[in-house]
Amino acid sequence: MIHSILPLAVLEAIRNLDTPVEDGLGEFADELLVKRLGLSDTIRMQLAEYEGLVRRDARVDTGQVEALLRLVGRRPDAELVFADAGRRAARRAVRRAFVGSRLAARLAPRGLGYLVAGSAARTVLGGELRREQRVPVASVPDTMAVTATPDGSACGLYAAAFAELLRLLASLEGAMLHTECGATGADRCEWRAASPDPRHH
């Protein structure tokens, strides 16, 4: 079972990427609505459903989330959707951890920030976040992302989510590099912080 925050974040990212910018082409709005999945009634209904599940802190079947990731993986802008979804999932995970208090997250001691980030990673992402020789390392044993996207593109969701958790809770800026991937035969997916700043330790 997967926390409902994850599929909600993916759906929000789809809607966000499919929302047309104000470009003066309003006369084509109806045609755009037909073509853009994120603005469809189906996505609107799913968003409402998952928003309700998130409010109840509920979990959903892995198969539902896998199908959603597979759908995104077919899009030409899949990388953008997964990255946006990862950041959104992390922000919701932080709000959940601090019962809506972002200020508490910002004021928490850095050591506590790592602990909270690890807890959020386990609960919402089904992963582990730890430090090895002061370098943040994240891993996900579940193969859902690779099953959904055999090329590993859905792994970008986790990379963005772990990086955002560390930014919000441990003041650590920078990307998480995908050092091991189930798509290439590893038994889990793993990410390591790109360039840790010694001032943060």
Side-chain angles (χ1 to χ4, degrees), residues 1-17 38 42-73 78-102 104-105 108 112-130 136-149 152-170 172 176 178 181-182 187-191:
M1 300 291 281
I2 306 294
H3 199 287
S4 50
I5 282 177
L6 204 59
L8 176 59
V10 174
L11 288 167
E12 288 178 332
I14 292 173
R15 179 180 61 184
N16 179 52
L17 269 295
T42 300
I43 294 295
R44 190 177 300 114
M45 287 188 292
Q46 287 186 323
L47 277 165
E49 177 186 351
Y50 281 114
E51 283 167 358
L53 290 168
V54 167
R55 283 194 295 271
R56 297 197 297 276
D57 205 29
R59 293 181 174 273
V60 297
D61 183 72
T62 302
Q64 295 180 35
V65 186
E66 189 177 298
L68 185 56
L69 297 181
R70 186 175 297 112
L71 178 67
V72 172
E79 184 178 346
L80 292 175
V81 177
F82 286 134
D84 187 23
R87 290 188 292 270
R88 289 172 182 274
R91 291 193 290 268
R92 282 187 175 274
V94 170
R95 289 199 295 271
R96 175 190 176 279
F98 284 97
V99 198
S101 175
R102 298 182 203 179
L112 176 60
Y114 275 110
L115 288 174
V116 176
S119 175
R122 283 190 301 275
T123 303
V124 174
L125 303 174
E128 180 186 2
L129 188 57
R130 63 191 186 280
V137 178
S139 60
V140 176
D142 184 49
T143 59
M144 178 184 67
V146 175
T147 303
T149 57
S153 61
C155 297
L157 184 156
Y158 291 95
F162 286 126
E164 185 73 354
L165 282 176
L166 290 168
R167 186 184 73 82
L168 292 171
L169 294 170
L172 184 69
M176 295 292 282
H178 202 358
C181 184
D187 62 351
R188 62 174 52 209
C189 284
E190 183 178 275
W191 297 262

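Counting from 1, the numbers follow the sequence of the chain as shown. Note that these values count all heavy atoms, side chains included, but never hydrogens, waters or copies made by symmetry.
- The structure places CG of N16 at 5.0 Å from CG of D84, a figure rounded to the nearest 0.5 Å.
- Here the side chains of I5 and R88 are not in contact, with every heavy-atom distance at 4.5 Å or above.
- Scanning all heavy atoms of the two residues, the minimum distance from C181 to V146 falls at SG-CG2, 4.4 Å.
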Could you walk me through whether L172 and Y114 satisfy the side chain to side chain contact (heavy atoms under 4.5 Å, CB included) test, starting with their C-alpha distance in whole Å, then the side-chain angles of each, then the deciding distance to 0.1 Å, before giving a yes or no? CA-CA 10 Å; L172 184 69; Y114 275 110; 4.2 Å; yes
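- How far CZ of R70 is from OG1 of T149: 9.0 Å, rounded to the nearest 0.5 Å.
- Rounding to the nearest 0.5 Å gives a distance of 7.5 Å between CG of L157 and CG of L125.
- More than 12 heavy atoms of other residues, nucleotides or ligands lie within 6.0 Å of CD in E128, so this atom counts as buried by the packing criterion.
- In this structure a side-chain-to-backbone donor-acceptor pair under 3.5 Å is missing from S153 to G73.
- A pairwise comparison of heavy atoms in A90 and A161 identifies CB-O, 3.4 Å as the closest pair.
- With contacts defined as side-chain heavy-atom distances shorter than 4.5 Å, the pair L6/Y158 qualifies.
- Aromatic ring orientation, W191 versus H178: parallel (interplanar angle below 30°, classes split at 30° and 60°).
- To the nearest 0.5 angstrom, L53 atom CG is 11.0 Å from Q46 atom CD.
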Set out, in order, the CA-CA distance, both residues' side-chain angles and the distance that settles side chain to side chain contact (heavy atoms under 4.5 Å, CB included) for L168 and R87, then state yes or no. CA-CA 10 Å; L168 292 171; R87 290 188 292 270; over 6 Å; no
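- When all heavy atoms of E66 and A148 are compared, the pair lying nearest together is O-CB, 3.4 Å.
- Taking every heavy atom of both residues into account, M1 and T62 meet most closely at N-OG1, 3.6 Å.
- Distance CG/L169 to CG/L129: 9.5 Å, rounded to 0.5 Å.
- Contact check on R92 versus E12 returns a salt bridge, with a Lys/Arg side-chain nitrogen under 4.0 Å from an Asp/Glu carboxylate oxygen.
- In plain terms, the two heavy atoms of S4 and A58 that are nearest each other are OG-O, 2.8 Å.
- Going from atom CG of L11 over to atom CD of E49 covers 9.5 Å, rounded to the nearest 0.5 Å.
- The minimum heavy-atom distance linking A85 with A9 is given by the pair O-CB, 3.4 Å.
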